[in-house]
2 protein chains.
Amino acid sequence: MKRDSRLSGVLHVLLHMAEHKGPMTSEVLAQAMCTNPVVIRRIMAGLRDRGYVRSEKGHGGGWTIARDLSTVTLRDVYEALGRPPLLAMGNRTEAPGCLVEQAVNAALGETFEAAETLLLSRLGEITLAELGADFHRRLSARGGRENLDAIHPAPAA
Amino acid sequence: MKRDSRLSGVLHVLLHMAEHKGPMTSEVLAQAMCTNPVVIRRIMAGLRDRGYVRSEKGHGGGWTIARDLSTVTLRDVYEALGRPPLLAMGNRTEAPGCLVEQAVNAALGETFEAAETLLLSRLGEITLAELGADFHRRLSARGGRENLDAIHPAPAA
DNA sequence: AGAACATGTAACATGTAAAGTTACATGAAA
DNA sequence: TTTCATGTAACTTTACATGTTACATGTTCT
């Protein structure tokens, strides 16, 4: 089953925005993510509705961080995406009258629920500011000479 | 994202087999699972290779439990399926040279790994025999008058 | 031996959801 | 008023689990 990478992607975009002065267009962000501007707008829509980012049209427009990153957790971002499924496996739901199915679903259900709870809890403990700090640690360790805008090269013409 | 229900399905099949005297054909199991005999053979192949079940051809053939169910955990079954992905979300892996990506992947990776570890650990603590026992508890609670072979009705002709 | 049965497996078809794309409307700045 | 940028609907593509068909292999019964 193919994994959903929207959370990873949107976090990536947010950190790039945080490191950038002024608005960034969907186009620029899309290149950084090797994807399409529309995809960027799509995954950013939920964040905008919740006030984590702001978007502006016209010349000099684009996306801007709208909240102190220390007040936004990874869980907040996850929920802004619409709470997509966390687990790749689930219970069959046909034949709920079958006692075998009930026994299987009970055992698996508890297990899956525990994992989801753990995931949400962990995501809720990590703020975007902490991710940014981790990035800066890595940057210093590398000598602080990273050119962020050049890391994701545009595809050859 | 659509959830993979093969684990749930194969557990269902195994419990039905455990409650049934003698071999069960892929055809019968497929009807119970509202699916196709070939699908049954596919998800059972890994279990057969590991010796959890045995298959026999010809008249009176079909599938049989080949191991004491108290020696087989849900994790064993999961691994016999080929360890399909447990989580629906994953890290983007493009641009590993980007420090932003590294910071994001590190945080998400730890979180995802913790959840996977928890899932595998829990699955490893539940044996098929325990699932069977749970089924029998439910059966008694309902009066013990369940007709297993009639619960999953064949589609109307 | 021959017919009926059941698994083993490759090859192909279908359903579904994320990701990617196109097209165009809305609104802001030069 | 032209250019730029987002907003969004509609469509295409891609990936993969699932479903199906076809046929080979092997087993049991008569």
Side-chain angles (χ1 to χ4, degrees), chain A residues 1-10 12-13 17 22-49 53-64 66 78 81-94 155, chain B residues 1-10 12-13 17 22-49 53-64 66 78 81-94 155:
Chain A
M1 165 158 306
K2 188 167 193 189
R3 284 166 149 116
D4 183 341
S5 63
R6 281 176 295 173
L7 180 58
S8 173
V10 75
H12 195 143
V13 164
M17 286 169 60
M24 296 183 80
T25 67
S26 303
E27 178 113 90
V28 168
L29 291 172
Q31 281 192 336
M33 300 283 299
C34 296
T35 182
N36 194 285
V38 177
V39 175
I40 298 292
R41 295 189 190 116
R42 233 157 23 201
I43 65 181
M44 297 289 276
L47 300 187
R48 184 192 55 225
D49 295 345
V53 298
R54 186 174 26 245
S55 64
E56 280 162 318
K57 297 179 176 177
H59 275 279
W63 298 92
T64 327
Y78 163 73
L81 288 180
R83 305 184 191 228
L86 291 168
L87 302 185
M89 317 192 69
N91 282 329
R92 281 167 36 89
T93 46
E94 323 167 30
Chain B
M1 166 157 304
K2 187 163 195 191
R3 286 167 150 114
D4 183 342
S5 64
R6 279 175 295 176
L7 179 58
S8 174
V10 74
H12 195 144
V13 164
M17 285 170 59
M24 296 183 80
T25 66
S26 303
E27 177 115 294
V28 168
L29 291 172
Q31 281 191 336
M33 301 281 301
C34 296
T35 183
N36 193 287
V38 177
V39 175
I40 298 293
R41 294 189 191 117
R42 242 174 352 218
I43 64 181
M44 298 289 277
L47 299 189
R48 185 193 54 224
D49 294 345
V53 298
R54 185 175 26 243
S55 64
E56 280 161 319
K57 296 179 177 177
H59 275 279
W63 298 91
T64 327
Y78 163 74
L81 288 179
R83 306 185 191 227
L86 291 168
L87 302 185
M89 318 192 69
N91 282 329
R92 281 167 34 88
T93 44
E94 323 170 28

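Residue numbers start from 1 in every chain, and the chains themselves are labelled A, B, ... in the order their sequence lines are given, proteins ahead of strands. Remember, predicted model here, so these are calculated numbers, not experimental data. What's counted below: heavy atoms across the whole structure, side chains too, no hydrogens, waters or symmetry copies.
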Query raised in the report: Who passes salt bridge (charged side-chain N to carboxylate O under 4.0 Å, His left out) against Arg83(A), sequence neighbours left out?
Result: Glu79(A)

Query - Interatomic distance, Gln31(B) CD vs dT20(D) P [rounded to whole Å] - result: 12 Å

**Report entry** Between dT9(C) (C1') and Met44(B) (CE): distance, integer Å
**Finding:** 16 Å

Query raised in the report: Taking side chain as C-beta onward, heavy atoms only, is Pro85(B) less than 4.5 Å from Arg3(A)?
Result: yes

Report task. Give the rounded distance in Å between these two atoms: CG of Asp4(A) and P of dA17(D). Result -> 15 Å

Query raised in the report: Are any of the side-chain heavy atoms of Ser55(A) and Met44(A) separated by less than 4.5 Å?
Result: no

Please tabulate the protein-to-nucleotide N/O contacts below 3.5 Å involving nucleotides 9-13 of chain D, giving atom names and distances.
residue : atom : partner  : partner atom : Å
dA10(D) : N6   : Arg42(A) : NH1          : 3.4

I'd like a list of close polar pairs between nucleotides 4-6 of chain D and the protein, N/O only, cut-off under 3.5 Å.
residue : atom : partner  : partner atom : Å
dC4(D)  : O4'  : His59(A) : NE2          : 3.3
dA5(D)  : O4'  : Gly58(A) : O            : 3.3
dT6(D)  : OP1  : Ser26(A) : N            : 2.7
dT6(D)  : OP1  : Ser26(A) : OG           : 3.2
dT6(D)  : OP1  : Trp63(A) : NE1          : 3.4
dT6(D)  : OP2  : Ser26(A) : N            : 3.4
dT6(D)  : OP2  : Ser26(A) : OG           : 3.3
dT6(D)  : OP2  : Arg41(A) : NH2          : 3.2
dT6(D)  : O3'  : Ser55(A) : OG           : 3.2

Report task. Among Leu47(B), Ile40(B), Val53(B), find the residue that satisfies the side-chain contact (heavy atoms from CB on, under 4.5 Å) test when tested with Val13(B). Result -> Ile40(B)

Report summary line: Taken to the nearest whole Å, CZ/Arg6(B) to C1'/dT18(D) is 9 Å

Requested in this report: Look at the side-chain N and O atoms of Thr35(B) and state whether any lies under 4.0 Å from the OP1 or OP2 oxygen of dT18(D).
Outcome: no

Query raised in the report: About how many Å separate CG of Leu29(A) and CG of Asn36(A), when rounded to the nearest 0.5 Å?
Result: 12.5 Å

Report summary line: side chain to side chain contact (heavy atoms under 4.5 Å, CB included) filter on Arg54(B), not counting sequence neighbours, yields Ala66(B)

**Report entry** Relative orientation of the end axes in the helix from dA1(C)-dT30(D) to dA30(C)-dT1(D), expressed as an angle to the nearest 10° (five pairs per end)
**Finding:** 10°

**Report entry** Qualifying residues under side-chain hydrogen bond (donor to acceptor under 3.5 Å, both in side chains), relative to Ser8(A), sequence neighbours excluded
**Finding:** none

Query raised in the report: Rounded to the nearest Å, what distance is computed from the CD1 atom of residue Ile40(B) to the P atom of nucleotide dA17(D)?
Result: 17 Å

Query - Whole-Å distance separating the CG atom of Leu47(B) from the P atom of dT7(C) - result: 15 Å

Query raised in the report: Would you call Leu87(B) and Leu87(A) a side-chain contact if the rule is heavy atoms closer than 4.5 Å?
Result: yes

Query raised in the report: Rounded to the Å, how far apart are Asn36(B) CG and dG8(C) P?
Result: 15 Å

Requested in this report: Would you mind reading off the distance between Met89(A) atom CE and dA17(D) atom P, rounded to a whole angstrom?
Outcome: 10 Å

